[in-house]
Amino acid sequence: MEIKLSKIRIANYKCYERIEVDLKNELLLIGSNNVGKTAFLEAIKIAFSKNSLVTKEEVYFKEGEEVPQDRKIIIDVLIEPIEDEFSDQWFELFGDLIINEPESVALRTIFSHNELKEEYKQENKALNYWPEFNDFLDFEEYKSSNVSNLIFDSIPVFYLDAKRDINDDLQKKYSYWGRLVGDIKFKSDKRNQLEQELYDLNIDIVNNSDVLEHVSKKLKDISSVTGSENNSVQINAISEKITDIGRGMDIKIKSEGSESISISKQGMGTRSWATFLAFSSYLEWKNLQMIKEELPFYPILLLEEPEAHLHPQAQRRIYHQIIDLEGQKVVSTHSNIIATQTDIESVLYVSKKSSYSNIDYIDFSGVNKKDKYKIEREVLYSRGELIFSDCLILCEGITEERLLPAYFEKYFGVPYYEYGINIVSVDGYKNYVPFLQFAKSLNIDTFIFSDGEEFAIKKVKNDYRYVHGKGDRSTEFEEVISKYITFIPDGLDTEKYLVEHYELELFTTLIDEIEGKEDFISSYQSGDKDHNESEKVLKYLSKNKSIYSKKLADYIEQQVDFEILEPYNEFFRKLNDFKKYI
């Protein structure tokens, strides 16, 4: 590769009021639904097109606002050489559009309202220089030379959306498959020979089929309708013309020991992957053509949700196939499997605040190498789904991870995931830091529900100060901590608090169900001299957290009027005061 698309600026397009994004050779877009991932891909696409259609509905506007007719969509892109200067091929292509010191090309796409035609007209221009971000919206210093179509031919955008199906593409002239097979070329002498063979084969098929021969004879009566006795009627069982071979093509897949099956009968995963392979095949073919014609070529590949319909192993494989493709890649995904395969510094996080969307790299500026390694190892590789959280609830262990969802649904009336929340155990009070740093870097709102032992309170507060307050021990920051962290009172952990505040019979009944034995706790031996039934129950719960917590969570969900204990009520009130869920 000799050039790169290094920056893009977008103003007034869909959910983007005004943003600037630095671009890398491989980028992964992540974020919740409807935050602007597809809009960002589309903005790149129309920045390299001269015939895009934009409607009034695609112009950015705030809630309750009428879109002013003078509001323009502006998309600027900065193209730079990989080395200090453009190669001879690219220098010749860009010509007078090149900006010096350092060498680059800045292209602008403008959509402005045409009052006479009641539509938005498109203009493509080149900037005299790359202005500061705060000035780019009003910047109007342009090169006198036009942006030629040859530039867009050499920097084409290939877009593959999530609604892909090779079964549909086989029928479409302008799909990547259709473009590949739409103009099959043969040497003229071979072409004539093949078409004669196809003609003879058609005759042979009809003559050897009673039905087709019967229909063929009847169709000769068409002359009585047209009023001409010189009409000839022929049934084409197969196409006779090489130029028509691409129409009606099929792909068949054959497994060992079985008949070949049409791609149309395959599952959506296979059909989706086949579309991608046709896409990559077209890209490689186009690259070979440009090399043959000695033209520069730098494709920009935009892929939406490549994981659609694919199982986990296939998701891993297709992402590596994407990375191996020629050109600059921007991929949007909802797959934590794909998200955890890429370099974390190549991930762009798309979020929506109020009426506009924003795009940021994950910010590791305050994270040292050791902590960054912990984030990758303990969060991303084992908890990749957290990338897609709108809000994060952290807790110490499996008991809280099981009970909090049950309590949440009782309090709010809906499951926690309906609000884009993830509830996660960090597996011990000493392990909050990587999760807090990860959430901070993605600007994900984070709340903690913690055990209340003195040592746990001290450690959790210090870790929160380390990540969010740089060690701040002021009264003001203590108030910040109290907004986001709730501790179980009276110096108790979860099991002790539950046993003290619920009827003991609740737990003995659950234990009997688990063990399949009535009054199990009376004969339970924990290894210590237990003084009473309550202590025995507590010892059992502490040693069997994963089993009892699931049983208790199921029981809570089944009860209509189950009592939510006060620490949980307090925690959900804080959460609701911040996010306004009810």
Side-chain angles (χ1 to χ4, degrees), residues 2-14 16-23 39-56 58-60 67-81 85-87 89-159 295-300 302 328 330:
E2 297 176 325
I3 66 168
K4 62 181 178 180
L5 177 60
S6 61
K7 290 181 185 291
I8 184 169
R9 289 169 173 171
I10 305 170
N12 300 323
Y13 181 65
K14 291 194 172 180
Y16 294 105
E17 184 176 22
R18 190 171 62 166
I19 63 162
E20 177 181 64
V21 181
D22 292 328
L23 302 175
F40 182 70
L41 296 177
E42 290 173 346
I44 298 175
K45 180 182 178 182
I46 64 177
F48 288 91
S49 170
K50 279 202 166 186
N51 300 296
S52 300
L53 296 176
V54 166
T55 65
K56 181 180 179 181
E58 292 171 275
V59 181
Y60 171 83
V67 179
Q69 290 192 348
D70 62 348
R71 181 172 293 170
K72 299 177 181 179
I73 294 172
I74 294 177
I75 303 172
D76 290 350
V77 292
L78 184 65
I79 302 165
E80 296 180 316
E85 298 178 342
F86 287 114
S87 66
Q89 271 192 323
W90 288 103
F91 189 89
E92 184 179 350
L93 177 69
F94 290 134
D96 295 339
L97 304 186
I98 293 175
I99 302 167
N100 294 313
E101 298 181 2
E103 281 194 0
S104 60
V105 172
L107 303 180
R108 167 167 290 186
T109 304
I110 307 167
F111 293 94
S112 53
H113 188 259
N114 185 321
E115 292 186 24
L116 293 177
K117 295 186 177 181
E118 280 298 315
E119 61 184 26
Y120 282 81
K121 67 175 182 178
Q122 178 179 348
E123 298 175 272
N124 294 92
K125 299 184 178 184
L127 307 181
N128 274 338
Y129 62 90
W130 188 254
E132 294 295 321
F133 176 65
N134 290 334
D135 301 327
F136 93 96
L137 204 55
D138 299 317
F139 186 82
E140 293 186 347
E141 296 183 35
Y142 301 118
K143 297 278 188 180
S144 57
S145 300
N146 294 326
V147 181
S148 71
N149 288 331
L150 290 175
I151 290 175
F152 296 115
D153 290 340
S154 291
I155 314 177
V157 171
F158 298 94
Y159 191 107
L295 294 172
F297 184 64
Y298 184 68
I300 297 171
L302 311 176
Q328 194 161 349
V330 185

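Keep in mind that the numbers below use all heavy atoms, side chains included, and drop hydrogens, waters and symmetry copies. For reference, positions follow the sequence shown, starting with 1. Quick caveat, the model's predicted, so the values are computed rather than measured.
- The environment of CZ in Phe133 is crowded: more than 12 heavy-atom neighbours from other residues, nucleotides or ligands sit within 6.0 Å.
- Although no hydrogens or angles enter the test, the distance criterion places a donor-acceptor pair under 3.5 Å between the side chain of Gln122 and the main chain of Ser52.
- The distance from atom CG of Asp135 to atom CH2 of Trp130, rounded to the nearest 0.5 Å, is 12.5 Å.
- More than 12 heavy atoms of other residues, nucleotides or ligands shown are found within 6.0 angstrom of NZ on Lys50.
- Put simply, the side chain of Val21 reaches to within 4.5 Å of the side chain of Phe40, judged on heavy atoms.
- In this structure, CD1 on Ile74 lies 11.5 Å from CZ on Phe111, to the nearest 0.5 angstrom.
- Applying the ring-ring contact (aromatic ring centres under 6.0 Å, His included) test to Tyr120 and every residue at least two apart in sequence or in another chain returns His113.
- Dense packing is recorded around CD of Glu119, with more than 12 heavy atoms of other residues, nucleotides or ligands lying under 6.0 Å away.
- The closest side-chain donor-acceptor pair between Tyr298 and Gln328 falls under 3.5 angstrom.
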Quick one: side chains of residues 99-108, donor-acceptor pairs under 3.5 Å with protein atoms, not counting sequence neighbours, listed by atom name and distance.
from	atom 1	to	atom 2	distance (Å)
Glu103	OE1	Phe86	N	2.9
Arg108	NE	Asp76	OD1	2.7
Arg108	NE	Asp76	OD2	3.4
Arg108	NH1	Phe139	O	2.6
Arg108	NH1	Tyr142	OH	3.1
Arg108	NH2	Asp76	OD2	2.7
Arg108	NH2	Phe136	O	2.8

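- Within the 4.5 Å cutoff, the side chain of Pro81 has no heavy atoms near those of the Glu2 side chain.
- The CG atom of Leu93 sits 9.0 Å away from atom CG of Asp153, with the distance rounded to the nearest 0.5 Å.
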Donor-acceptor contacts, no H, no angles, side chain residues 3-13, under 3.5 Å, sequence neighbours left out:
from	atom 1	to	atom 2	distance (Å)
Ser6	OG	Leu78	O	3.2
Ser6	OG	Glu80	OE1	3.1
Lys7	NZ	Asp22	OD1	2.4
Arg9	NE	Glu20	OE2	2.6
Arg9	NH1	Pro131	O	2.8
Arg9	NH2	Glu20	OE2	2.8
Arg9	NH2	Pro131	O	2.9
Asn12	ND2	Lys72	O	2.9
Tyr13	OH	Glu42	OE1	3.3

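- Heavy atoms only, all atoms of each residue included: Lys125 and Val147 are closest at C-CG2, 3.6 Å.
- Atom CG of Asn128 is separated from atom CG of Leu97 by 10.5 Å, given to the nearest 0.5 angstrom.
- Atom CD of Glu141 has more than 12 neighbouring heavy atoms from other residues, nucleotides or ligands inside a 6.0 Å radius.
- Pro296 and Ser154 get closest at one heavy-atom pair: O-OG, 2.9 Å.
- Residues Ala47 and Val77 share a closest heavy-atom pair of CB-CG1, 4.0 Å.
- Heavy-atom minimum distance, Val157 versus Lys45: CG1-CA, 3.9 Å.
- Put simply, the side chain of Lys14 never gets that close to the backbone of Ala43: no donor and acceptor are under 3.5 Å apart.
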Derivation of the side chain to side chain contact (heavy atoms under 4.5 Å, CB included) call for Asn124 and Phe152: CA-CA 11 Å; Asn124 294 92; Phe152 296 115; 3.7 Å; yes
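- Summarising the geometry of Phe48 relative to Ile44, their closest heavy-atom pair is CD1-O, 3.4 Å, with the distance given to 0.1 Å.
- Within a 6.0 Å sphere centred on CG of Leu53, other residues, nucleotides and ligands contribute 12 heavy atoms or fewer.
- In Asn51, the CG atom is not crowded: 12 or fewer heavy atoms of neighbouring residues, nucleotides or ligands sit closer than 6.0 Å.
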